[in-house]
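Worksheet: one structure, shown below.
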Amino acid sequence: MKRWFVPGFLAAIALALALRLPQSALRPLHNDEGVNAMKFGALWNEHSYTYDPNEFHGPTLPYFALPAAWLNPSHDFNDFTEATFRLVPAGFGVALIVLLLLLTSDLGRAETLWASVFTALSPAMVFYSRYYI
């Protein structure tokens with residue numbers, strides 16, 4: 001099992017990326033995603049974020065979307081696509097799998113590898129890793 005752990009874990013990450021990244025711009029933004037994108041637009045254009053504790057969830061999502069926007073060839077908010085915004089939850093979905101490495105000593109290599117594969121394939125994890133909310 002020792003020699004298969006790293007290739008297997010990398011395969012689980014590749015599987016997760018293959019399920020989370022393709023065609024992320026085909027589906028229009030859901031209403032909640034659009035609201036979050038507009039909150040990001042205010043941060044992007046005005047370089048400030050005003051938190052309202054009675055609405056929304058705070059500045060975490062817009063601030064983590066900044067690197068995805070910096071990677072975009074156009075720096076105009078109107079040119080950002082759905083894929084630009086959905087890179088953020090996809091990245092966190094893959095990071096969740098990487099975090100399983102911290103459990104290897106407690107769970108064991110085989111169990112961690114299976115957990116990574118099941119997390120990569122989980123319909124709920126794939127859905128929410130493709131949803132900018």
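Sequential numbering from 1 along the given sequence is applied to the chain's residues. Note that this is a predicted model, so its numbers are computed, not measured.
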>> To the closest 0.5 Å, what do you measure between OH (Tyr132) and CG (Leu29)?
In response: 9.5 Å
>> As a test of understanding, state which of Thr84, Thr81, Asp79 forms a side-chain hydrogen bond (donor to acceptor under 3.5 Å, both in side chains) with Asn72.
In response: Thr84
> Does Tyr49 use its side chain to pair, donor to acceptor, with the backbone of Gly58 at less than 3.5 Å?
Replying inline: yes
Solution key, residues 85-105 side-chain donor-acceptor pairs under 3.5 Å, sequence neighbours excluded:
{"residue": "Arg86", "atom": "NE", "partner": "Glu33", "partner atom": "OE2", "Å": "3.0"}
{"residue": "Arg86", "atom": "NH1", "partner": "Ser24", "partner atom": "O", "Å": "2.5"}
{"residue": "Arg86", "atom": "NH1", "partner": "Arg27", "partner atom": "O", "Å": "2.9"}
{"residue": "Arg86", "atom": "NH2", "partner": "Arg27", "partner atom": "O", "Å": "3.3"}
{"residue": "Arg86", "atom": "NH2", "partner": "Pro28", "partner atom": "O", "Å": "3.3"}
{"residue": "Arg86", "atom": "NH2", "partner": "Glu33", "partner atom": "OE1", "Å": "2.9"}
{"residue": "Arg86", "atom": "NH2", "partner": "Glu33", "partner atom": "OE2", "Å": "3.3"}
{"residue": "Thr104", "atom": "OG1", "partner": "Leu101", "partner atom": "O", "Å": "2.9"}

> Once you round to the nearest 0.5 Å, how far does CH2 of Trp114 lie from OG1 of Thr119?
Replying inline: 12.5 Å
> Where does the angle between the aromatic ring planes of His75 and Trp44 fall among parallel (under 30°), tilted (30 to 60°) and perpendicular (over 60°)?
Replying inline: parallel
> Within a radius of less than 6.0 Å around CZ of Phe64, do more than 12 heavy atoms belonging to other residues, nucleotides or ligands occur?
Replying inline: no
>> Show the nearest heavy-atom pair for residues Phe40 and Pro62, with the distance to one decimal.
In response: CD1-O, 3.3 Å
>> Let's go through Lys39 and Tyr51 carefully: what are the C-alpha distance in whole Å and the side-chain angles of both, what is the deciding distance for side-chain contact (heavy atoms from CB on, under 4.5 Å) to 0.1 Å, and is it a yes or a no?
In response: CA-CA 10 Å; Lys39 297 296 275 184; Tyr51 174 62; over 6 Å; no
> Heavy-atom distance under 4.5 Å between the side chains of Met38 and Phe77, does that happen here?
Replying inline: yes
> Should Phe80 and Trp70 be counted in the same cluster of Ile, Leu, Val, Met, Phe, Trp and Tyr side chains packed under 4.5 Å apart?
Replying inline: yes
>> Would the distance check show the side chain of Ser122 and the main-chain N or O of Phe118 forming a donor-acceptor pair, the cut-off being under 3.5 Å?
In response: no
> In Å and rounded to the nearest 0.5 Å, what is the CG to CG distance from Asn36 to Leu61?
Replying inline: 5.0 Å
> According to a 4.5 Å side-chain heavy-atom criterion applied to Ile, Leu, Val, Met, Phe, Trp and Tyr, with indirect links allowed, do Leu17 and Val6 form part of one hydrophobic cluster?
Replying inline: yes
> Does one hydrophobic cluster hold both Leu19 and Val117, with members joined at side-chain heavy-atom distances below 4.5 Å?
Replying inline: yes
> Got a second to check how far Asn45's CG is from Asn78's CG, nearest 0.5 Å?
Replying inline: 7.5 Å
